[in-house]
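First comes the structure, then the notes that go with it.
Just so you know, ligand 1 is whichever comes first in the structure, and atom 1 is the first atom listed for that ligand. On a predicted model such as this, the values are computed, not experimentally measured, just so you know.
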Amino acid sequence: MVPESIRVELGERSYDILIGNGLLASSASYICPMLPRPRLAIIADPEVSSVYLSPLSESLESAGIKLEVYETIQGEAAKTWSELERIVEWLLSIETERGDFVAALGGGVVGDLAGFAAAVLRRGVRFIQLPTTLLAQVDSSVGGKTGINSVAGKNLIGAFHQPSLVLADISTLSTLDERNFLAGYAEVAKYGLLGDRNFFGWLERRVDSLKSGMPADLATAIRRCCELKAAIVAEDETERGKRMLLNLGHTFAHALEAATGYSDRLLHGEAVSIGCVLAAEFSCQLGYCGPDVSSRVRRHFRDAGAMNSLAEISGQLPPAEKFLDFMRQDKKSCAGRLRFVLFRGVGDAFVAHDVSSNATLNFLKGKLGER
Ligand code: GLY
């Protein structure tokens, strides 16, 4: 099967996103022509590595490429200074040169971490994204955002560093557990919600088929998300304007992740799922859209089986005031003002640059059942 190809147009840093079945097993044909010498350093999620390193390595080694593999810690907990240091020192210890490539095999965490290591190593080496989760295939592997978390907040340390190639092998989604699939699905729905009403309508009709793993529908959804993202990134690589729309649901999501300690208690995509519903309800409360919009958004996440309310998060949540503190720390805040992506309608999102703290606090109190 010939993969679908989407170009991210960024001048001399332009690159292709290839989407298809079995791309890891045929990776050599895409990767080898790029390498200046026959070696590749791979940073891999340990669980993903146990299943998908062999098709990748069989293809590359049979083409004469020497592989060096580093397995990271699993989960969001890997996005720390200490793990970054271990990766960078490891890359130096295996004599990774300025012209060499680093590849990230796994989900969003590995992509962010390996991409950031590549950005700082010898002032920047090239890297390849090999995303194996839905979330990484539709969002995080594209666009060059790389980084780690700080105790002060999510992704507060990082760099824009574009990959040189993204290989999204859809067959890897067959081993993705339901929880991670649904976490990724939140990012898929996000693309329809922020800018493509027809795509959102298509998702409403095809949600069962997507959940059952129908390859043709998955390919269509991934392609559409990547097309939308590629166009936005080409227009606004470093998020000065339009790219902010991609943060739909993320002001709430990042505060929720901080409140739950970046732990397994709440995956990033689960936080985005709840965050998109909250953004719709907040838009409705602020008078930007009618309740029909927020109920449609909530219904879709519920039909998908994705998280759609704070009540679904296990354990206690902090009070509304604390959430507000987390939101002020978010890198989307500007001059201390809160910034949200809100809705005028499905497929019609906009960036609200100066949302009042009081309105936000009242909304959060209502959601958390505080007086
Ligand atoms: N995940 C949002 C962005 O790449 O801008």
Side-chain angles (χ1 to χ4, degrees), residues 6-10 13-15 17 76 79 104 106-116 118-119 127 129 131 133-149 153-164 166 168 180 183-196 199 221-258 262 266-276 279 327 330-334 339-342 349-351 353:
I6 295 160
R7 185 100 179 136
V8 184
E9 293 289 356
L10 287 168
R13 285 170 296 107
S14 298
Y15 56 95
I17 307 163
E76 197 69 35
K79 286 172 62 176
V109 166
V110 164
D112 285 5
L113 191 55
F116 191 30
F127 90 110
Q129 290 272 20
T133 65
L134 184 58
L135 187 141
Q137 293 185 355
V138 299
D139 190 66
S140 62
S141 67
V142 176
K145 278 190 182 176
T146 71
I148 57 174
N149 300 327
K154 169 104 176 168
N155 292 341
L156 292 183
I157 304 146
F160 285 101
H161 187 57
Q162 298 293 340
S164 301
V166 179
N180 275 289
Y185 186 77
E187 297 276 2
V188 175
K190 178 190 87 174
Y191 279 94
L193 288 172
L194 71 88
D196 188 342
F199 179 48
I222 294 166
R223 188 193 61 230
R224 188 63 194 133
C225 295
C226 288
E227 280 169 355
L228 288 161
K229 182 152 191 181
I232 290 175
V233 168
E235 191 179 320
D236 176 23
E237 183 182 7
T238 55
E239 202 173 292
R240 307 270 178 238
K242 193 164 186 190
R243 187 164 180 172
M244 288 177 201
L245 290 177
L246 300 182
N247 295 324
L248 175 61
H250 282 61
T251 306
F252 289 109
H254 287 172
L256 286 170
E257 288 183 86
Y262 305 109
L266 189 69
L267 302 177
H268 172 66
E270 292 172 329
V272 171
S273 189
I274 297 172
C276 286
M327 286 175 174
D330 197 272
K331 64 185 174 338
K332 290 181 286 305
S333 295
C334 185
R339 189 186 273 160
F340 287 88
V341 181
L342 299 175
F350 69 100
V351 182
H353 290 275

For Gln129, which residues count as a side-chain hydrogen bond (donor to acceptor under 3.5 Å, both in side chains) partner, sequence neighbours excluded? none
Nearest 0.5 Å, please: how far is CZ in Phe127 from NE2 in His161? 6.0 Å
All heavy atoms of Gly269 vs all of Ala186, minimum pair found to be O-CB, 3.3 Å
What I'd like to find out is whether the side chain of Phe116 reaches to under 4.5 Å of the side chain of Lys79, using heavy atoms alone. no
Are a donor atom and an acceptor atom from the side chains of Asn247 and Glu239 found within less than 3.5 Å of each other? yes
Answer yes or no: is there a side-chain heavy-atom contact under 4.5 Å between Thr133 and Asn180? no
Contact residues of ligand 1 (heavy atom under 4.0 Å), by chain and number: Asp139, Lys145, Lys229, Glu239, Arg243, Leu246
